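This report refers to the structure that appears directly beneath it.
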Amino acid sequence: MFSRDTVARFQNLETPFYYYDLNVLDQTLMSCKAASEKFAFHVHYALKANFNEQILKAIQKSGFGADCVSGNEVKKAIEIGFDPGKVVFAGVGKSDREINEALDNNIYCFNVESVQELGVINELALKQGKQARVAIRINPNVDAHTHQYITTGLEENKFGVNQWELPACVEELKRCSNLELIGIHFHVGSQITNLDVFKSLCLKVNELNTWFLERGFDLKVLNVGGGLGVDYHHPDENAVNDFMSFFEIYDRFLERRTGQEVHFELGRALVAQCGSLISRILYVKNGLKKNFLVLDAGMTELMRPALYQAYHKIENITADSANSIVSYDVVGPICESTDCFGKEVELPESKRGDIIAIRSAGAYGEVMASGYNLRERVRSVYS
Ligand code: LLP
């Protein structure tokens, strides 16, 4: 929901742009912080969801760690002020340069995704005369029941090592004297709304935690990744996730030995609801069977609908709400048929110049923008 003042402000700005409500962000961060502290859980923010500097600064100030998936994300996190001792680095394809830079920065932990990667990190750490802390990312084969493009924990995914490869990991670790195994790491997918999925993950983690103990590894860290979904249909009513229920599942079902820490890597749930893509209607096209609203924002600014058929709530925030309701396909200006934000969206009758808000766009929105069609870089505006 946008106040009158905010809408008046938008009317004086060139579109499209991302609008971030820093108030919603703060409320979300406070709520997550309070709930995680209740259980002494550690939360790392997954930078991949949004690395806009203002957002990162707010998250860093709240005391969260950082979960990075590229050397540049590691660099950015440290520049912003995240404590390197709270930076974890995941990714199936870390280059030697990225590993070396992370070693230079003494990051907390590498989440390692293959047996071969263990050897490479060991070799590079040896050259630098360092011990690298590592956690093995294990593919738990737990179905996240989410869109197939964002399911990561099934056996056929490229991520992590499979359970049958664990004996080989243990052998390799014995050989690698410059590695310290501190934990195991999991991530089953994103936009998970069924909390039972996290319970299944806990049961799997318990099994593997014991497996490692039996082989002499008393792990310090159980990193269960991220994945908590948000309510794309009700961005105002459910602006802040129920973090307490989420963490309670882990508290209830995850067995921890004394001193064992539980780490999370939340992205979407921290930033999705604070962001909206704000756009103007360029043209209204009335066809025989369909009406189109052509916006000045497209898949180059927000790719999720085109890429994952993702739903985002679309609102006309300047139309008179007394207007009759019309069904529109809301599309962008890009030369691709998938450049469509929503089909048969019911909106008050709309006209050229009206302002459209595409909600819950704070996560995987701005960061996935592209320059296709030589589009300009999308700007951002803050509350
Ligand atoms: N940890 C790891 C290892 C991950 O791969 C991810 C996300 C996260 C944490 C954070 O997950 P979250 O809490 O945000 O669900 N672009 C897609 C989502 C891709 C997620 C990739 N990995 C989308 O727009 O839905």
Side-chain angles (χ1 to χ4, degrees), residues 28-29 32 36 41-51 55 59 64-70 73-74 77 87-94 109-114 117 135-140 142 144-154 157-161 183-195 197-198 201 221-232 241 243 246-247 250 262-275 277 299 301-312 341 358-370:
T28 310
L29 296 175
C32 179
S36 61
F41 288 162
H42 300 246
V43 177
H44 300 267
Y45 167 62
L47 262 80
K48 66 175 82 65
N50 192 319
F51 43 70
I55 304 246
I59 296 174
F64 293 97
D67 163 38
C68 304
V69 285
S70 72
E73 282 193 3
V74 171
V87 171
V88 298
F89 182 15
V92 280
K94 302 178 190 77
C109 184
F110 291 86
N111 291 335
V112 175
E113 311 233 8
S114 64
E117 189 190 331
I136 295 182
R137 176 169 180 178
I138 305 172
N139 195 333
V142 166
H145 298 292
T146 181
H147 193 278
Q148 54 164 340
Y149 288 4
I150 50 176
T151 289
T152 47
L154 285 175
N157 285 123
K158 69 174 175 179
F159 300 102
V161 303
I184 43 180
H185 170 236
F186 305 84
H187 177 76
V188 289
S190 201
Q191 184 51 20
I192 296 169
T193 48
N194 175 355
L195 293 185
V197 170
F198 300 118
L201 174 61
V221 174
L222 304 175
N223 182 336
V224 292
L228 177 62
V230 302
D231 188 346
Y232 281 97
N241 268 85
F243 291 103
F246 172 66
F247 290 127
Y250 285 94
V262 186
H263 290 219
F264 291 83
E265 300 171 340
L266 293 176
R268 188 188 315 265
L270 295 181
V271 294
Q273 300 292 32
C274 74
L277 177 61
M299 64 192 280
E301 285 68 48
L302 178 64
M303 201 196 249
R304 302 192 70 255
L307 195 58
Y308 316 115
Q309 298 128 0
Y311 172 85
H312 284 261
F341 290 117
I358 304 177
R359 307 293 308 276
S360 315
Y364 307 108
E366 189 181 352
V367 282
M368 290 175 72
S370 83

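For ligands, and for the atoms within them, numbers begin at 1 and follow the listed sequence. A quick note: this is a predicted structure, and the numbers were derived from the prediction, not measured.
Counting heavy atoms closer than 4.0 Å to ligand 1, residue Y308 contributes side-chain atoms (C-beta onward) but none from N, CA, C or O.
A90 and H185 make their closest contact through CB-CE1, 4.4 Å (heavy atoms, listed as atom of the first residue, atom of the second, distance). Residues F341 and P305 approach most closely at CD2-CG, 3.9 Å, considering heavy atoms. Between G227 and H187, the shortest heavy-atom distance links the atoms N-CE1, 3.8 Å.
Using a 4.0 Å heavy-atom cutoff, M303 is absent from the residues neighbouring ligand 1. Under a 4.0 Å heavy-atom criterion, A90 is not in contact with ligand 1.
Shown here are the ring-ring contact (aromatic ring centres under 6.0 Å, His included) partners of H44, two or more places apart in sequence or in another chain: H263. For F264, the ring-ring contact (aromatic ring centres under 6.0 Å, His included) partners at least two apart in sequence or on another chain are F41, F246, F247, Y250.
Here E73 does not pair with K48 in a salt bridge; the nearest charged N to carboxylate O distance is not below 4.0 Å.
Which parts of ligand 1 touch D67 is read off a 4.0 Å heavy-atom cut-off, strictly below it: atoms 1 (N), 9 (C). Applying the 4.0 Å criterion to heavy atoms of A46 picks out, from ligand 1, the atoms 10 (C). Taking every heavy atom of R268 and a limit of under 4.0 angstrom, the matching atoms of ligand 1 come to 12 (P), 13 (O), 14 (O), 18 (C), 23 (C), 25 (O). Of all atoms in ligand 1, numbered sequentially from 1 with element shown, those under 4.0 Å from a heavy atom of L266 are 13 (O). Every atom of ligand 1 is numbered from 1 in the order shown, and the set under 4.0 Å from a heavy atom of G267 is 12 (P), 13 (O), 14 (O). Close approach of ligand 1 to G226 is summarised as follows: ligand atoms under 4.0 Å from at least one heavy atom of the residue are 9 (C), 13 (O).
Polar contact with ligand 1: absent for M368 (N/O pair, distance under 3.5 Å). Ligand 1 has an N or O atom lying under 3.5 Å from an N or O atom of E265, backbone or side chain.
With hydrogens and angles disregarded, a donor-acceptor distance shorter than 3.5 Å links the side chain of N241 to the backbone of G229.
A cation-pi arrangement is found for K94 relative to F89, the charged atom lying closer than 6.0 Å to the ring centre and inside a 45° cone about the ring normal.
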